Amino acid sequence: MLFQIFQKHIDAILDELASAGTLPAGIDRSNVTLEPPRDPSHGDLSTNAAMVLSKAAGLKPRDLAEKITEKLGTLDDVQSVEIAGPGFINLRVAAPVLLGELLEIEQLGPEYGRSDKGKGVTVNIEYVSANPTGPMHMGHCRGAVVGDALADLLEAVGHKVIREYYVNDAGSQVATLARSAHLRYREALGDDIGTIPEGLYPGDYLKPVGEALAAEFGDKYKDAAESEWLLIFRKAAVGKMMDMIRSDLALLGIKHDVFSSEAELHEAGKADIAEAELRSRDLVYDGVLEQPKGKVIEDWEAVELPLFRSTQFGDDQDRPIKKSDGSWTYFGGDLAYHFQKAQAADELIDIWGADHSGTVKRIKAAVAALTEGKAKFDVKLVQMVRLLRNGEPEKMSKRSGNFVTIADMVEEVGKNAVRFTMLMRKADAQMDFDFAKVMEASRDNPVFYVQYAHARIQSTLRKAADEGVLPSSDKLDSLGEEELDLIKMAAQFPRIVESAAVSREPHRVAFYLNDLAAAFHAFYNLGNDRPEKRIIMVNDPETTSARLFLAKNIGQTIKNGLALMGVEAAESM
RNA sequence: GCGCCCGUAGCUCAGUCGGAUAGAGCAUCAGAUUCCUAAUCUGGGGGCCACAGGUUCGAAUCCUGUCGGGCGCACCA
């Protein structure tokens, strides 16, 4: 790959300079970068090596640059090289290298852009983890898509990835779910349940759950005490909810490898083990929390609770791991859960909604404490999405009546548009999702614009095939400057994938695809004014076949990028 | 009161572990359609990168403070 090739050239030259004594041995090169300059007129690639290393070498940046440039200039892969500004080394890539890149895309096909850089490192990524109390709604959507795309990206760079969903089936919310299900169960058995009491879940989606329970248990628990049925109904209802959530996620093309149950975690005593471990290191103690400042809590009372010393890790308060009734807090379970995840992975990533930002410090502290700092752990916060329709806020759903479900969104705009749009913004910036805009077929809508580029390429290939010309690499020499520029653009793809994976920012792929699509559209339109630049030229099958070869592989690159986002490339529009 | 995220063109946003003259789309203005999908393309105008200090060869980017917006702040999940 283009960047690898030149990275090696630079490394080799720096080695030579080191052995010649120009550079000190064992010099730190970690700050040396090789990247395309922002301004293309500066060249194809630029390195800051001379500026970064000049101090250690005891040379002026430009003098060191001179020495590097001398050697670079002799390479066949380099067309030209020059020193600019304070000591940047700018170089232009020779055409054969670019054509080689094109052949590589052809050869690797769907594999182009993938690498094994992350080989040997297992990453556990937890995303969605919505409470199993109802259907997936828009609030879950962005985190689900970002998490899934990030998992794809990490796999693409060679990591072993475990996709995990934490099922919160132990708290009071699922007890409420069980009671709501019991109500629907009585309804299914013929009781008149009237209006759903305050505090229970009113959604119609619980009706089939009640019916299923009625079919399974008959009237056995109809008038029984809650203690008799609560756990049974809880488990059954959670199971049904998870089935529903899985099918909602499937609409977005999202799957998890592991579903971890909070209840099972506690049954297995994992939280007790974590507590004992932390107590032995004096990181959990029994203490009393102070009343929080700046907020008046009317029924506040001082209670002694087992507290985790998260203040030692930068949190502003120690955090209880058990409630006053002796049951575990969410944090208590979460702590044990992360400890469990860390057993099977080298790195952990959590995707959370921004409304959980206040709990990041304590869980990071807990993971650091439990793994003694060994597990890399990152929490990625995903900001709110505002749903709009033609600029007006949209809150109502046809399905549930009070919130827009993922099923609604997918039904209206389709999986591909939902996923692409959710990935068009940095995760930690708020975003608007306008149904009208997402469906719009215009330059303003990147979903469409990128798809259109791919479809246009396929259409061109079909048209050429009808006329008997197929893509071929036989006469790639006939490709001109504009074509080579397009290859340069495509050649950046592996780098983009890598940087998106390393920085955990899937949106970079989306922006890159938008740029690549723009470059292709521009190239395509060259033929309007300059007929000799059209892809299909009837009287010149050799150039045509070379350009088709180029177009085909630009299409392949777009397709690969879309695949990383979980979006299918359109064959025609 | 405290914590986290954000502040870049009229609008919506990019900006590569600190790099060269800060970019793109929309909007606006001027153009391209006997032609492979004009659902597209070409060009122009538009900026105190919220503000003030600091770090260094170099800052939209890192640090500190101020202002403005969002989210969250006892045993909830």
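Everything numeric in this text was worked out from a predicted model, so none of it was measured. Values below: all heavy atoms of this structure, side chains included; hydrogens, waters and symmetry mates excluded. Letters A, B, ... mirror the listed sequences (proteins, then strands); counts begin at 1.
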Mind checking the [atom1] distance from [N] to [M]? Whole angstroms is fine.
N: B:C29; M: B:U16; atom1: C1'; result: 34 Å
N: B:G58; M: B:C41; atom1: P; result: 41 Å
N: B:A20; M: B:U61; atom1: P; result: 13 Å
N: B:G15; M: B:A59; atom1: C1'; result: 13 Å
N: B:C13; M: B:G47; atom1: C1'; result: 15 Å
N: B:C6; M: B:U12; atom1: C1'; result: 15 Å
N: B:A9; M: B:G23; atom1: C1'; result: 10 Å
N: B:C62; M: B:G19; atom1: P; result: 10 Å

Under the 3.5 Å rule, do the base of B:C75 and the side chain of A:Thr329 count as making a donor-acceptor pair? no
Could you check whether the side chain of A:Arg456 and the base of B:U40 have a donor-acceptor pair of N or O atoms closer than 3.5 Å, going by distance alone? no
By the 4.0 Å heavy-atom rule, please label [X] as base, sugar-phosphate, or nothing.
X: A:Asn131; answer: sugar-phosphate
X: A:Thr359; answer: base
X: A:Ser572; answer: base

Dot-bracket line, read 5' to 3' along RNA chain B, where crossing pairs take [ ] and | marks a partner on another strand, Watson-Crick or G-U under 3.5 Å: (((((((..((((.....[...)))).(((((.......))))).....(((((..]....))))))))))))....
What nucleotide, of [options], holds the atom closest to the side chain of [X]?
X: A:Asn525; options: B:C75, B:A32, B:C41; value: B:C41
X: A:Ala522; options: B:A39, B:U16, B:U42; value: B:U42
X: A:Pro320; options: B:A38, B:C75, B:A14; value: B:C75
X: A:Leu305; options: B:A14, B:A77, B:C75; value: B:C75

Does the cation-pi check pass for A:Arg389 over A:Phe435, that is, NZ or CZ under 6.0 Å from the six-membered ring centre and within 45° of its axis? yes
Determine, for A:Tyr524 and A:Arg456, whether the Lys NZ or Arg CZ falls below 6.0 Å from the six-membered ring centre while staying within 45 degrees of the axis. yes
Can the ring centres of [X] and [Y] be said to be less than 6.0 Å apart?
X: A:Tyr165; Y: A:Tyr127; value: no
X: A:Tyr449; Y: A:His521; value: yes
X: A:Phe377; Y: A:His338; value: yes

Looking at [X], I'd like to know whether one of its side-chain N or O atoms comes within less than 4.0 Å of OP1 or OP2 on [N].
X: A:Lys380; N: B:C4; result: no
X: A:Lys426; N: B:G15; result: yes
X: A:Lys323; N: B:C76; result: yes
X: A:Lys361; N: B:G3; result: no
X: A:Ser324; N: B:C75; result: no

Tell me, do A:Phe493 and A:Leu516 make a side-chain contact under 4.5 Å, heavy atoms counted? no
Are side-chain heavy atoms of A:Val367 and A:Leu335 found at a separation under 4.5 Å? no
RNA chain B: 5'-proximal contact among A:Arg534 and A:Asp428 (nearest heavy atom): A:Asp428
Residue whose closest nucleotide on RNA chain B lies nearer the 5' end, A:Ser442 versus A:Pro36: A:Pro36
Could you measure the distance from the OG1 atom of A:Thr460 to the NZ atom of A:Lys552? Nearest 0.5 Å is fine.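 It is 14.5 Å, given to the nearest 0.5 Å.
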Looking at residues 164-176 of chain A, who's got a heavy atom less than 4.0 Å off RNA chain B? A:Asn168, A:Gly171, A:Ser172, A:Gln173
Nucleic acid contacts of residues 59-66 of chain A, taken as heavy-atom distances under 4.0 Å to RNA chain B: none
Shortest non-hydrogen contact from A:Thr47 toward A:Ile10: CG2-CD1, 4.0 Å
For A:Gly147 and A:Ile351 the tightest heavy-atom approach is CA-CG1, 3.9 Å
If only atom types and distance count, is the side chain of A:Asp434 paired as donor or acceptor with the main-chain N or O of A:Ala436 below 3.5 Å?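 Looks like yes, one N/O pair under 3.5 Å.
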Figure out the CD/P separation between A:Glu440 and B:C26, and round it to whole Å.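 My rounded result for the distance is 10 Å.
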Would A:His356 count as stacking on B:A77 if stacking means ring centres less than 5.5 angstrom apart and planes tilted under 30 degrees?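 It does: the two rings, one from A:His356 and one from B:A77, meet the stacking criterion.
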Using the 3.5 Å cut-off, write out each protein N or O paired with an N or O of nucleotides 17-25 of chain B and the distance between them.
residue, atom, partner, partner atom, Å
B:C17, N4, A:Ser30, O, 2.7
B:A20, OP2, A:Arg38, NH1, 3.2
B:A20, N6, A:Ser46, OG, 2.7
B:A20, N6, A:Asn90, OD1, 2.7
B:A20, N1, A:Asn90, OD1, 3.3
B:A20, N1, A:Asn90, ND2, 2.9
B:G25, O2', A:Asp444, OD1, 3.3

Salt bridge between A:Arg495 and A:Glu498, side-chain N to carboxylate O under 4.0 Å? no
Charged N-O contact under 4.0 Å between A:Lys488 and A:Asp485: yes
If we count only N and O atoms by modelled type, under 3.5 Å, do the side chains of A:Asp318 and A:Tyr285 hold a donor and an acceptor together?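 Side-chain D/A pair, A:Asp318 to A:Tyr285: present.
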Pairs involving residues 321-330 of chain A, ordered by first then second residue, that meet salt bridge (charged side-chain N to carboxylate O under 4.0 Å, His left out) (sequence neighbours left out): A:Glu275-A:Lys322
If you look only at pairs with a residue in residues 356-367 of chain A, which of them pass as a salt bridge (charged side-chain N to carboxylate O under 4.0 Å, His left out), with sequence neighbours excluded? none
